[in-house]
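Notes to accompany the following structure.
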Amino acid sequence: MTPALPPQETLTIEFKSDRNKLADRDLIEAITCLANTDGGELWLGVEDDGTPTGLHPDHQMVEGVIGLVAARTSPALTVQVDRLTIQGVQVARILVPQAKGEVATSNGVYVRRRLRPDGTPECVPMLPHERTSRATTFGLLDASAQPVLGSTLQDFDPIERDRLRQAIQIYGGDAARRRLRHRILLDLDDEALDGALGLTSRQSDGSRIPTLTGLLLIGREPALRDLVPTYEFAFQVLAQEAVRFNEFRRFPLLKALDWLETNFRPYNPEEELQIGLFRVPVPKVDLGAFREAIANALVHRDYHQRGAIHVRLEDEALVISNPGGLVDGVTLANLLTTEPRPRNPRLADVMKRVGIVERSGRGIDNIYRGLLRYGRTAPDYSRTDTNNVVLSLSTAEADLEFLRLVVEEENKQTRPLPIDSLIALSALRESKRLSADELATYIQRGVTQAKKTLEILNEAGLVQAHGVSRSRTYTLAPSIYQAIGHKAEYTRQKGFSALQHEQLVLSYVAQHGQIKRAEVMDLCRLSEGQAKDLLKRMKEKGVIMLEGKGRNAVYRSGLNG
């Protein structure tokens with residue numbers, strides 16, 4: 001089947017006229033442009049307005065383009081070329097892969113693709129900082145470990161160094177091994193501590209220069225402003241489109257975290273829920289999720305890209321955005337399950353060793369937990385694009401009865417509910433009924449793991465299973481609906497399942513004239529007892545009638561059927 005010609009040019013689609021024979025240099029630059037962005041398709045022999053006009057005679061042997069591209073790019077780029085007939089003329093579709101890193105033309109030209117304000121694409125030079133930024137996205141360079149040219153040890157702030165030592169002491173944790181590691185760090189003198197955490201880089205002459213990580217953690221504010229001009233963060237409070245708080249700062253990271261939390265607290269009211277002998281705080285935004293989300297934005301932002309980190313409290317959500325899209329290998333479909341891939345490994349490692357962020361690298365679980373256990377919707381990353389990561393945390397009213405159930409179950413198990421279980425309960429609360437296939441999408445895992453999660457919740461009495469085998473679905477258990485005051489909802493869900501089974505049986509009888517109990521079990525994925533109960537109810541309603549006994553027993557349409 002011939003691929004359709006795209007209707008217009010986009011960031012990943014480029015049209016090139018070949019009526020006057022496109023110059024090799026222009027062709028290579030256009031291909032390099034796509035490779036250094038997101039990859040895509042170059043259609044040779046198509047005008048800018050999408051009109052196919054055909055290939056020049058010298059380009060009829062399109063297979064030669066593959067060798068030409070490999071010879072004129074560095075590192076050599078491999079493309080795929082297809083010759084197609086579109087509206088009666090021959091054109092070439094060149095499939096360009098996204099380069100893992102950066103590709104130059106043989107003339108040493110680095111170019112990338114971008115969209116103009118009117119939405120049309122163009123090819124522009126790649127500036128040095130853009131090349132570095134791209135390398136960090138693909139994990140080819142750790143910018144946070146690089147020395148900052150022009151900086152000296154005098155750019156370190158003694159007050160921020162004390163704040164760092166205090167953080168090491170405060171966040172050391174309770175584990176004996178962790179306390180020992182932190183004790184060792186605290187016993188080091190300043191030079192040794194800088195070396196151990198990678199805050200400085202030793203040069204060939206023995207001198208030490210602050211790294212980007214060092215400046216970000218304990219640098220003086222003037223030094224940050226002059227030497228890391230792309231770094232800035234803002235805290236904004238918007239209430240019904242009115243600005244109540246709007247300040248931009250360039251504080252070192254630990255001071256930034258303290259400042260943001262201090263200024264956020266007045267806007268984060270808290271109520272309490274009495275559960276047994278304990279009072280459980282119910283904040284507007286869980287502070288654990290808040291800290292983790294802010295720390296992630298500070299640690300994972302692209303420090304070569306201009307733009308501030310924004311922490312914005314809106315009427316219905318706390319929105320946190322940071323420059324730099326998701327790194328290579330991380331997508332919205334695997335955020336929960338992919339291995340940690342920090343954009344700034346050195347900075348991320350220091351923040352973990354100090355104890356500011358989750359040591360396992362699974363801080364996103366804490367963000368999810370901080371919303372789901374209160375009955376709020378899951379974190380929303382849907383506005384994330386190639387230039388920014390945008391996280392929205394719902395500030396809707398907490399579901400106190402749902403929280404009570406979660407806390408009571410965690411007390412019963414003497415441990416927090418697994419994040420997959422919380423996601424399952426939240427999804428069932430919203431969707432009412434789920435299959436293992438559907439839950440797999442929510443938890444970003446395989447169907448087997450999703451089914452295991454649901455069956456564990458079923459055994460715990462938190463959900464109820466309906467049907468067997470592949471058609472098995474799950475709802476919240478009757479006791480859960482009763483506890484949260486939604487008895488009618490459970491009745492509707494249960495009635496829906498029963499009605500669905502009845503309609504399947506009646507449809508089968510209408511088509512085949514009769515049905516046996518074993519056929520009902522297979523058709524509705526029910527156990528023998530469940531099939532027996534279903535047929536009994538339908539018989540009592542008069543929609544089916546029983547004929548025969550034992551193995552010869554069949555059910556036919558009844559008087560009311």
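Quick note: numbers below take in every heavy atom, side chains included, and nothing from hydrogens, waters or symmetry partners.
- A distance of 8.0 Å separates CG in Leu439 from CD1 in Ile423, rounded to the nearest 0.5 Å.
- Between the side chains of Thr137 and Arg343, at least one donor N or O lies within less than 3.5 Å of an accepting N or O.
- Classification of Glu160 and Arg163 as a salt-bridged pair holds, one side-chain N sitting under 4.0 Å from a carboxylate O.
- Under the 4.0 Å criterion applied to side-chain N and carboxylate O atoms, Lys452 and Asp420 are not assigned as salt-bridge partners.
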**Report entry** Step-by-step salt bridge (Lys or Arg N to Asp or Glu O under 4.0 Å) determination, Arg165 to Asp190
**Finding:** CA-CA 10 Å; Arg165 289 186 178 275; Asp190 290 349; 3.1 Å; yes
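- By the 4.0 Å N-to-carboxylate-O rule, Arg112 lies close enough to Glu130 to be salt-bridged with it.
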Report task. List the steps, then state whether side chain to side chain contact (heavy atoms under 4.5 Å, CB included) holds for Gln169 with Leu186. Result -> CA-CA 8 Å; Gln169 188 168 17; Leu186 290 173; 4.0 Å; yes
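- Electrostatic pairing of Arg225 and Glu232 does not count as a salt bridge here, judged by no charged N lying under 4.0 Å from a carboxylate O.
- Remark: aromatic rings of Phe264 and Phe290 are close, center separation under 6.0 Å.
- With rounding to the nearest 0.5 angstrom, the CG atom of Asp302 is 3.0 Å from the OG atom of Ser133.
- Shown here is Glu316, whose CD atom has no more than 12 heavy atoms of other residues, nucleotides or ligands within 6.0 Å.
- By the 6.0 Å contact criterion, CG on Leu149 is open, its count of non-hydrogen atoms from other residues, nucleotides or ligands being 12 or less.
- Every side-chain contact (heavy atoms from CB on, under 4.5 Å) that Leu11 has, sequence neighbours left out, goes to Thr37, Asp38, Arg113, Leu115.
- Remark: Pro323 engages Arg301, Gln305, Ile309, Asn388 in a side-chain contact (heavy atoms from CB on, under 4.5 Å) (not counting sequence neighbours).
- The distance from atom CG of Leu391 to atom CG of Asn322, rounded to the nearest 0.5 Å, is 9.5 Å.
- Other residues, nucleotides and ligands contribute more than 12 heavy atoms inside 6.0 Å of the CZ atom of Arg202.
- Checked against Leu212 for a side-chain contact (heavy atoms from CB on, under 4.5 Å), the options Leu199, Leu217, Val148 give a single hit: Val148.
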Query - salt bridge (Lys or Arg N to Asp or Glu O under 4.0 Å) evaluation trace for Arg376 with Glu397 - result: CA-CA 8 Å; Arg376 297 185 174 110; Glu397 290 291 328; over 6 Å; no
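- Salt bridge status for Asp328 with Arg341: absent, with no side-chain N to carboxylate O gap under 4.0 Å.
- Atoms CD and CG, from Glu409 and Leu457 in turn, are 8.0 Å apart once rounded to the nearest 0.5 Å.
- Figure legend: cation-pi geometry between Arg131 and Tyr110, with NZ or CZ positioned under 6.0 Å from the six-membered ring centre and within 45° of its axis.
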Query - Worked verdict on Ile320 versus His310 for side chain to side chain contact (heavy atoms under 4.5 Å, CB included) - result: CA-CA 6 Å; Ile320 302 164; His310 286 270; over 6 Å; no
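- With 3.5 Å as the limit, one finds no donor-acceptor pair spanning the side chains of Arg265 and Thr262.
- Under the side-chain contact (heavy atoms from CB on, under 4.5 Å) test applied with Ser426, the options Thr377, Val406, Leu372 reduce to a single match, Leu372.
- Inspection of the Asp380 and Ser382 side chains reveals an N or O donor paired with an N or O acceptor under 3.5 Å.
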Query raised in the report: What's the verdict on side chain to side chain contact (heavy atoms under 4.5 Å, CB included) for Val96 and Glu41, showing C-alpha distance, side-chain angles and the deciding distance?
Result: CA-CA 6 Å; Val96 183; Glu41 302 175 4; over 6 Å; no
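- Other residues, nucleotides and ligands contribute more than 12 heavy atoms inside 6.0 Å of the CD atom of Glu261.
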Report task. Check the pair Gln236, Phe248 against side chain to side chain contact (heavy atoms under 4.5 Å, CB included), reporting the backbone distance first and the verdict last. Result -> CA-CA 9 Å; Gln236 302 163 312; Phe248 287 73; 4.2 Å; yes
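- Environment of CD1 in Ile159: sparse, with no more than 12 heavy atoms of neighbouring residues, nucleotides or ligands closer than 6.0 Å.
- Classification of Arg116 and Glu122 as a salt-bridged pair holds, one side-chain N sitting under 4.0 Å from a carboxylate O.
- With rounding to the nearest 0.5 angstrom, the CZ atom of Phe138 is 4.0 Å from the CZ atom of Arg134.
- Figure legend: Arg220 and Phe156 shown without cation-pi pairing, the cationic atom not lying both under 6.0 angstrom from the six-membered ring centre and within 45 degrees of its axis.
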